[in-house]
K.L.:
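Input: one structure, supplied below.
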Amino acid sequence: MFEGDENYTRVSEFVIVGFPGLHPSFFQLVAWFFFCVYVTTVAGNFLLVVLFALEHSLQKPMYIIMLSLALSDIGFATVALPNLIARWWWNDGRISFHTCMFQEQMIHYFGTLNSLIMLTMAMDRYLAICHPLRYPMLMTNRTMSGLTVFSWISAQVAPGIVTIDFSRKVSFCGPNRILHVYCDAVALTRLSCSNMVAINNSSYGLAMFVLLVPLSLIIFSYISIIVTVMRMANAQGRRKTFSTCGTQGCLILIYYIPRFIVYSTPYMPNLTITPDLRVVLSLIYSLFPPVANPFIYCFRTKEIRTILGRWRQRWGNSRTEPHKPNTVAVITR
């Protein structure tokens, strides 16, 4: 599958190390922690998918973005976490070569997809707040669905280029222990016995394009939103908008800044991070947003809270409603 010197012994499987400095006595505790993270991520985002499918009132542009983000978060958690949980639960970090390549592709795919989704979300808020009169005409369900489909398709481009480069030019012929919690391009390049200069530069350029271009547009949209909000006469409206945008802005920074540090460290001679710190930073930008997204973007929304309250009330009434005894009508002449 790989071009290279045939004298090399090819690697048939890798071993996910996780935290290199973690003592075995903490393996079960860490496994349970990530199991809870996985269940919370899938349950919270799946609830949003169910809400969108059953409630026609939520089928509007803003919630189409949230649905796309929820599906992306479920996909990322399902690709990344099961092997990670097995690593510490059963002390088995083995992963086959082709499974590792597939995981590497999907990890970067969902990372790119989330970046595009957050860009779409920021532009939607920009139009809604800065151009409220034109928003219903510019951002229809059809437009948002088209942007969503475009994001899901185009997100394959950059990871696909990296995967093709790996499949054609990279050989793994020696160490197979991945000092990370999943297979990604940065971790795999350190195990290669090929000349990785050109591939590393190409991968880094693509990563920075995927990160910095959406981030620049997101920053522009939020600056425009802040300027527009400052002109509002209604103080309560300003507080509400700043509260929502501030929370979303913090989540965006958590997603982009640690990722930038992890990707850029090999290219900054004066900046070094330990393997454990690199794993921690990767977990922060990889796992915290999928867990927090349903609560920040969705369950804080008044419309969704109202629907959930109505569902809870119906369920409570169905449990407390007394059952009527069966009666037999007697007909007399």
K.L.:
Under a 3.5 Å threshold, yes or no: a donor from one side chain and an acceptor from the other, between T189 and S192?
P.N.:
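On atom types as modelled, these side chains do not qualify, holding no pair under 3.5 Å.
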K.L.:
For S115 and Y256, which I'm curious about, is there any donor-acceptor pair between the side chains at under 3.5 Å?
P.N.:
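There is such a pair between these side chains.
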K.L.:
How about T228 and Y126: does a side-chain donor come under 3.5 Å of a side-chain acceptor?
P.N.:
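Side-chain D/A pair, T228 to Y126: absent.
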K.L.:
So L113 and F110, side-chain contact (heavy atoms from CB on, under 4.5 Å) or not? Walk me through it.
P.N.:
CA-CA 5 Å; L113 177 60; F110 284 115; 4.1 Å; yes
K.L.:
Return the minimal non-hydrogen interatomic distance between S224 and C130, and the atom names on each side.
P.N.:
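S224 and C130 have their closest heavy atoms at O-SG, 3.6 Å.
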K.L.:
Please name the pair of heavy atoms, one in N141 and one in K60, separated by the smallest distance, quoted to 0.1 Å.
P.N.:
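Minimum heavy-atom separation between N141 and K60: OD1-CA, 3.1 Å.
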K.L.:
Ignoring hydrogens, what is the shortest heavy-atom contact between N45 and T41? Give both atom names and the distance.
P.N.:
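Shortest heavy-atom contact: ND2-O, 2.7 Å.
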K.L.:
What class does the angle between the rings of F14 and F97 fall in, given that below 30° is parallel, 30 to 60° is tilted and above 60° is perpendicular?
P.N.:
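F14 and F97: parallel rings.
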K.L.:
Of I219, I225, I226, which is the lone residue that meets side chain to side chain contact (heavy atoms under 4.5 Å, CB included) with I223?
P.N.:
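Answer after filtering I219, I225, I226: I219.
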K.L.:
Is the CZ atom of R310 crowded by more than 12 outside heavy atoms at less than 6.0 Å?
P.N.:
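For R310, atom CZ is crowded (more than 12 foreign heavy atoms under 6.0 Å).
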K.L.:
More than 12 non-hydrogen atoms from neighbouring residues, nucleotides or ligands closer than 6.0 Å to OH on Y135, yes or no?
P.N.:
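Enclosed.
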K.L.:
Taking atom OH as the centre, does Y204 end up with more than 12 heavy-atom neighbours from other residues, nucleotides or ligands that are less than 6.0 angstrom away?
P.N.:
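Enclosed.
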K.L.:
Name the residue from F27, F35, F34, Y38 that meets the ring-ring contact (aromatic ring centres under 6.0 Å, His included) definition with W89.
P.N.:
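When F27, F35, F34, Y38 are each tested with W89, the ring-ring contact (aromatic ring centres under 6.0 Å, His included) holds only for F35.
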K.L.:
For residues L211 and R259, report the shortest heavy-atom separation together with the two atoms involved.
P.N.:
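Result for this residue pair: CD2-CD, 3.2 Å.
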K.L.:
So how far is it from M208 CE to S264 OG, rounded to the nearest 0.5 Å?
P.N.:
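Between atom CE of M208 and atom OG of S264 there are 4.0 Å.
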K.L.:
Passes side-chain hydrogen bond (donor to acceptor under 3.5 Å, both in side chains), T163 versus Q105? Steps please.
P.N.:
CA-CA 6 Å; T163 301; Q105 163 75 13; 2.4 Å; yes
K.L.:
Are the charged groups of R278 and D184 less than 4.0 angstrom apart, N to O?
P.N.:
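Salt bridge flag = yes for D184 with R278.
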K.L.:
Might you work through the side-chain hydrogen bond (donor to acceptor under 3.5 Å, both in side chains) test for S282 and Y182, ending with a clear yes or no?
P.N.:
CA-CA 10 Å; S282 299; Y182 46 67; 4.8 Å; no
K.L.:
Would you say the side chains of H23 and S25 form a donor-acceptor pair under 3.5 Å?
P.N.:
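Result is yes, a qualifying pair exists.
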K.L.:
May I ask you to check whether over 12 heavy atoms, not counting those of F102, lie within 6.0 Å of atom CZ?
P.N.:
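Not buried by this count: 12 neighbours or fewer within 6.0 Å.
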K.L.:
Would you name the heavy atoms of I284 and P258 that are closest together and state the gap between them?
P.N.:
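Minimum heavy-atom separation between I284 and P258: CG2-CG, 4.3 Å.
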K.L.:
Side chains of R87 and N83: donor-acceptor distance under 3.5 Å anywhere?
P.N.:
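No, no side-chain donor-acceptor contact under 3.5 Å.
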